[in-house]
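Beneath this line is the structure, given in structure tokens, with notes to follow.
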2 protein chains.
Amino acid sequence: MKSTTFELDKVAQVLKLLGDKTRLTMVAILNHRECCVCEFLEVFTMSQPSISQHLRKLKDAGLLNEEKRGQWVYYSINTESELYELVEDLLQYVPDQVEQLNKIDASKVNARCNC
Amino acid sequence: MKSTTFELDKVAQVLKLLGDKTRLTMVAILNHRECCVCEFLEVFTMSQPSISQHLRKLKDAGLLNEEKRGQWVYYSINTESELYELVEDLLQYVPDQVEQLNKIDASKVNARCNC
DNA sequence: GGATAATATAAGTGAATAGCTATATATTTA
DNA sequence: TAAATATATAGCTATTCACTTATATTATCC
């Protein structure tokens, strides 16, 4: 039952990051599978730079991995992060995001990036 | 292992609220026992109105109970909140705040309010 | 090599937020 | 009832933050 504890500041930082609807949704989607930026464009009604900036914040905090393959950049949850345990736990309380994955699949993006 | 899920918006709202260091500390302290505002004054280097405002936000979100007894207002974690499960879970990751309770005890506040 | 596509960075803007001081309200005590 | 104490509310300000558009960077394709 008792889990690892982290510095309060670190916990607060993660909660603040995931306290944003867009970022929480992103992480919840990535909990299903990795995605590239162009896929998130199908999910959010938001400019591409905005999406990239959210992903960057999550990456800078160590919560996401970033991997460039060809002209695409793939983001995935960093399961090696010391804070992964917390993130994984939090995601239990969020409804699964298959709906959003369907949006992506319904679009034609996958044909290009093969995400 | 699988817990209740809540609307993503609600989870985000809780995380945003607890993503503030002051508020996260407050809730972590209240996880030990109820406190009145004057006790928090011993913990934070912050004006009384600021402390009251943080407590109000937590109360407005349904995370805290507020109870007036005499000239003191006591705050406690609202274990009846539907989101309590999430809050309780989060607090597992935060170090216990006995240190802060010691600060309170070391001061003379308790002699007055008997918190 | 030039056009297109995917992504990132820079710079600007408006809204939200956390803090403050001053003041109001309510309760107890002398 | 006046003074003191505990807390809340109002109004202000500075900072943070999420978004935008414009532009830079990098990779692929013809």
Side-chain angles (χ1 to χ4, degrees), chain A residues 8-9 12-27 30 34-61 64-76 104 107-115, chain B residues 8-9 12-27 30 34-61 64-76 104 107-115:
Chain A
L8 187 135
D9 300 55
Q13 194 210 354
V14 170
L15 301 189
K16 175 175 261 174
L17 277 170
L18 299 186
D20 178 273
K21 262 181 64 175
T22 302
R23 286 190 294 262
L24 183 57
T25 305
M26 284 174 161
V27 173
L30 292 173
E34 65 172 12
C35 288
C36 62
V37 181
C38 63
E39 292 187 293
F40 285 121
L41 278 168
E42 302 298 324
V43 174
F44 302 104
T45 58
M46 188 180 292
S47 70
Q48 172 267 314
S50 294
I51 289 174
S52 284
Q53 280 158 15
H54 281 302
L55 290 167
R56 185 175 214 288
K57 286 188 182 188
L58 292 168
K59 191 200 77 180
D60 285 351
L64 298 188
N65 295 124
E66 185 190 62
E67 190 192 342
K68 183 150 193 168
R69 293 208 288 277
Q71 67 190 313
W72 294 280
V73 177
Y74 295 78
Y75 288 91
S76 58
I104 295 172
S107 77
K108 52 285 145 210
V109 245
N110 299 63
R112 298 201 301 277
C113 60
N114 261 327
C115 291
Chain B
L8 187 135
D9 299 54
Q13 193 210 355
V14 171
L15 301 189
K16 175 176 261 175
L17 276 171
L18 299 186
D20 178 273
K21 262 181 65 175
T22 302
R23 285 190 295 262
L24 183 57
T25 304
M26 283 172 162
V27 173
L30 293 173
E34 65 172 13
C35 288
C36 63
V37 181
C38 62
E39 292 187 292
F40 285 121
L41 278 168
E42 302 297 324
V43 175
F44 302 104
T45 58
M46 189 181 288
S47 70
Q48 172 266 316
S50 294
I51 289 175
S52 284
Q53 278 158 17
H54 281 301
L55 289 167
R56 185 176 214 289
K57 286 188 183 186
L58 292 167
K59 190 201 78 181
D60 285 350
L64 299 187
N65 296 123
E66 186 191 59
E67 190 192 343
K68 182 151 195 168
R69 294 208 289 275
Q71 67 191 313
W72 295 280
V73 178
Y74 295 79
Y75 288 92
S76 58
I104 296 173
S107 77
K108 54 282 145 212
V109 245
N110 300 64
R112 299 199 302 275
C113 61
N114 259 327
C115 289

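We name chains A, B, ... by the order of the sequence lines, and we start the count at 1 in each one.
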**Report entry** Counterpart residues, salt bridge (Lys or Arg N to Asp or Glu O under 4.0 Å), relative to A:Lys57 (two or more places apart)
**Finding:** none
Report task. Considering just the side-chain nitrogens and oxygens of A:Arg56, establish if one lies under 4.0 Å of OP1 or OP2 belonging to C:dA8. Result -> no
Report summary line: Residue set satisfying salt bridge (Lys or Arg N to Asp or Glu O under 4.0 Å) with A:Lys59, at least two apart, ordered chain then number -> A:Glu66
Report summary line: Residue set satisfying side-chain hydrogen bond (donor to acceptor under 3.5 Å, both in side chains) with B:Ser76, at least two apart, ordered chain then number -> none
Query raised in the report: Residues two or more places apart in sequence or in another chain: which of them pass side-chain hydrogen bond (donor to acceptor under 3.5 Å, both in side chains) with B:Lys68?
Result: none
Report summary line: Here the distance between atom C1' of C:dA6 and atom OH of A:Tyr74, to the nearest Å, is 11 Å
Requested in this report: Would you kindly give the NZ-to-C1' distance between A:Lys21 and C:dA16, to the nearest whole Å?
Outcome: 16 Å
Report task. May I have the distance from A:Leu58 (atom CG) to C:dT7 (atom P), rounded to whole angstrom? Result -> 16 Å
Query raised in the report: Rounded to the nearest Å, what distance is computed from the CD atom of residue A:Glu42 to the P atom of nucleotide C:dA5?
Result: 15 Å
Query raised in the report: Looking only at side-chain N and O atoms, does A:Ser52 come under 4.0 Å of OP1 or OP2 in C:dA8?
Result: yes
Report task. Could you tell me the separation between the CD atom of B:Gln13 and the C1' atom of C:dA16, rounded to a whole number of Å? Result -> 14 Å
**Report entry** Under the side-chain hydrogen bond (donor to acceptor under 3.5 Å, both in side chains) test, residues paired with A:Gln71 that sit two or more places apart
**Finding:** none
Query raised in the report: For C:dA8, does either OP1 or OP2 sit under 4.0 Å from a side-chain N or O belonging to A:Tyr75?
Result: yes
Report task. Provide, to the nearest angstrom, the distance between the CD atom belonging to B:Glu39 and the P atom belonging to D:dT5. Result -> 18 Å
Query raised in the report: Does some side-chain heavy atom of B:Met26 sit less than 4.5 Å from a side-chain heavy atom of B:Val43?
Result: no
Query - Distance in angstrom units between B:Asp60 CG and C:dT17 P, rounded - result: 13 Å
Query - Any residue meeting side-chain hydrogen bond (donor to acceptor under 3.5 Å, both in side chains) with B:Thr22, in chain and number order, not counting sequence neighbours - result: none
Could you pull out the protein-nucleic contacts involving nucleotides 16-22 of chain D (nitrogen or oxygen on both sides, under 3.5 Å)?
from, atom 1, to, atom 2, distance (Å)
D:dA18, OP1, A:Arg23, NH1, 3.3
D:dA18, OP1, A:Arg23, NH2, 2.7
D:dA18, OP2, A:Lys57, NZ, 2.5
D:dC19, OP2, A:His54, NE2, 2.3
D:dT20, OP2, A:Ser47, N, 2.9
D:dT20, OP2, A:Ser47, OG, 2.7
D:dT20, OP2, A:Ser50, OG, 2.8
D:dT20, O4, A:Gln53, NE2, 3.4

Query raised in the report: Rounding to a whole Å, what distance do you find between A:Phe40:CZ and C:dT7:P?
Result: 11 Å
Query raised in the report: Once each nucleotide of nucleotides 25-30 of chain D is scored for protein heavy atoms under 4.0 Å, what B/S/- sequence comes out, 5' to 3'?
Result: -SSS--
Report task. Output all residues satisfying salt bridge (Lys or Arg N to Asp or Glu O under 4.0 Å) with A:Arg69, sequence neighbours left out; order by chain, then residue number. Result -> A:Glu34, A:Glu67
Requested in this report: Answer yes or no: is there a side-chain heavy-atom contact under 4.5 Å between A:Leu58 and A:Leu18?
Outcome: yes
